[in-house]
Asks: 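The structure's right below; bear with me while I get my questions together.
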Amino acid sequence: MRAVDELVDRYMRDLERELEGLPASRRRDLVDEIRGHIDADLGPAPTEADVRTVLERIGDPAEIAAEERERLGTTPPRERRGRLVEVLALVFLTAGSFVIPFVGWLAGAVLLWASSVWTLRDKLLGTAFVPGGLLPAFVLALGDIGGSGCTEISGPSGRVESTCAYGGEQAAWTAVFVLMVVLPIATWIYLAVRLRRLTA
Amino acid sequence: MADRRDSLLVQLRRGVVEYCVLAELRGAERYGFDLIRSLSSSDGIVTSEGTLYPLLARLRRDGLVETSWRDSPSGPARRYYRLTPAGEQALETFAAEWSRFRDAVDRRIGRHDEGS
């Protein structure tokens, strides 16, 4: 390798080393600009003396890196934000109603809207789909609203047979029940995933 | 004592060099390399050409300067710099303040520019 190439390469390596820790895009831009400057200054057939002069004029890589840090600063790492408000919101939204019916859920809704992490869309979805949390589904299951639709008949041999007739009404109630279980859980998962993404 | 004096000059230089860069862009758009070469001289204001790149990036970020790229027949694309209205304003403000400051210091130190 020619002496001139080696001088330039060594300089560029020193520069990249000094720039470690800076944001990648700035590092790349600076390296490109300095390299472009060197090439423009050297011209087609530089001698070793030419290269040394140019590199000296450009300056010490450490000084350039220091200038970069002073002028442009290093962006402070994004601080991990506490998620207590959001975690409590999720707990109260789903299970708060089991402790104090409806009021528990309301506390969760208040926390949901108070959060500075979730977006407006997140909050609207959270409020719309989890009213009461899982309590309504629970109550529905316990109260067996809509009836089971099955009748038990004592057959001739003494065995109890049950024939179930699934009418439209029964199917409708089942669908409602499933929704009342699935939607809160799905919303909970959605809010939890969003929380993770936004506070990572 | 020498350290304090060096540090003061270093600080003055740092504060002033960005306005020297802005002044160099007065009235015309300049190709980056040309701009930097014309700023590098023996008057001690700019000691290292490489340090001008972070400075230019900072001026760009602050909106005092804007850049555009032009293709060049004789090599890679070139970046051109020019003053923004905000940059012009900043330069004019500094020029006025600097005159007052320089005159005040000269008066106090008792030196008068003989034009030597």
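Values below: all heavy atoms of this structure, side chains included; hydrogens, waters and symmetry mates excluded. So you know, we letter chains A, B, ... as the sequences are listed, proteins then strands, and number each from 1.
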Asks: Are A:Trp113 and A:Leu125 grouped together when hydrophobic residues (ILVMFWY) are joined by side-chain heavy atoms under 4.5 angstrom apart?
Replies: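 They do share one cluster, since a chain of ILVMFWY contacts under 4.5 Å joins A:Trp113 to A:Leu125.
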Asks: Say whether A:Val91 and A:Leu106 are linked into one hydrophobic cluster, either directly or through other cluster members, by side-chain heavy-atom distances under 4.5 angstrom.
Replies: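 In one cluster with A:Val91: A:Leu106, no.
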Asks: I'd like to know if A:Tyr190 and A:Trp118 are part of one continuous hydrophobic network [Ile/Leu/Val/Met/Phe/Trp/Tyr, side-chain heavy atoms within less than 4.5 Å].
Replies: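 A:Trp118 and A:Tyr190: one cluster.
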Asks: Locate the shortest heavy-atom distance separating A:Gly59 from B:Ser48; write the atom from each residue and the value.
Replies: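 Shortest heavy-atom separation between A:Gly59 and B:Ser48 comes out as CA-OG, 3.6 Å.
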Asks: Using a 3.5 Å distance criterion without hydrogens, assess whether the side chain of B:Arg58 forms a donor-acceptor pair with backbone atoms of A:Arg71.
Replies: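 Yes; judged by distance alone, with no hydrogens or angles, the pair exists.
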Asks: For residues B:Pro54 and A:Leu30, report the shortest heavy-atom separation together with the two atoms involved.
Replies: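 So the minimum-distance heavy-atom pair works out to CD-CD1, 4.0 Å.
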Asks: Backbone N or O of A:Ile64 within a donor-acceptor pair of the B:Thr51 side chain at under 3.5 Å?
Replies: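 Answer holds: no.
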Asks: Kindly compute the distance separating OG1 (B:Thr47) from CZ (A:Arg57), expressed to the nearest 0.5 Å.
Replies: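 Between atom OG1 of B:Thr47 and atom CZ of A:Arg57 there are 13.5 Å.
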Asks: State plainly whether one hydrophobic cluster holds both A:Leu84 and A:Val110, where clusters connect Ile, Leu, Val, Met, Phe, Trp and Tyr through side-chain heavy atoms under 4.5 angstrom apart.
Replies: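 Not linked; separate clusters.
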Asks: Are there more than 12 heavy atoms of other residues, nucleotides or ligands under 6.0 Å from atom CZ of A:Arg10?
Replies: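 Incorrect, the count does not exceed 12.
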Asks: Return yes when atom CD of A:Glu56 has more than 12 non-hydrogen atoms of other residues, nucleotides or ligands closer than 6.0 Å, and no otherwise.
Replies: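 No, CD of A:Glu56 has 12 or fewer neighbouring heavy atoms, counting only those of other groups under 6.0 Å.
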Asks: To the nearest 0.5 Å, what is the distance between CG on B:Leu52 and NE2 on A:His37?
Replies: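 If we round to the nearest 0.5 Å, B:Leu52:CG and A:His37:NE2 are 8.5 Å apart.
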Asks: Locate the shortest heavy-atom distance separating B:Ala57 from A:Arg26; write the atom from each residue and the value.
Replies: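 Of all heavy-atom pairs spanning B:Ala57 and A:Arg26, the closest is CB-NH2, 3.3 Å.
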Asks: State the CZ-CG distance between B:Phe33 and A:Asp39, to the nearest 0.5 angstrom.
Replies: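 Reported value, rounded in 0.5 Å steps: 10.0 Å.
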Asks: Please identify, among A:Ala65, A:Pro61, A:Ala40, A:Ala66, the residue contributing the most non-hydrogen atom pairs under 4.5 Å to chain B.
Replies: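 Greatest number of close heavy-atom pairs with chain B: A:Ala40.
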Asks: Quick check on the hydrophobic clustering: are A:Val178 and A:Leu183 connected, directly or via other members, by side-chain heavy-atom contacts under 4.5 Å?
Replies: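 A:Val178 does not cluster with A:Leu183.
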Asks: Counting heavy-atom pairs closer than 4.5 Å to chain A, which one of B:Arg79, B:Glu18, B:Arg14, B:Arg78 comes out on top?
Replies: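 Heavy-atom pairs under 4.5 Å are most numerous for B:Arg14.
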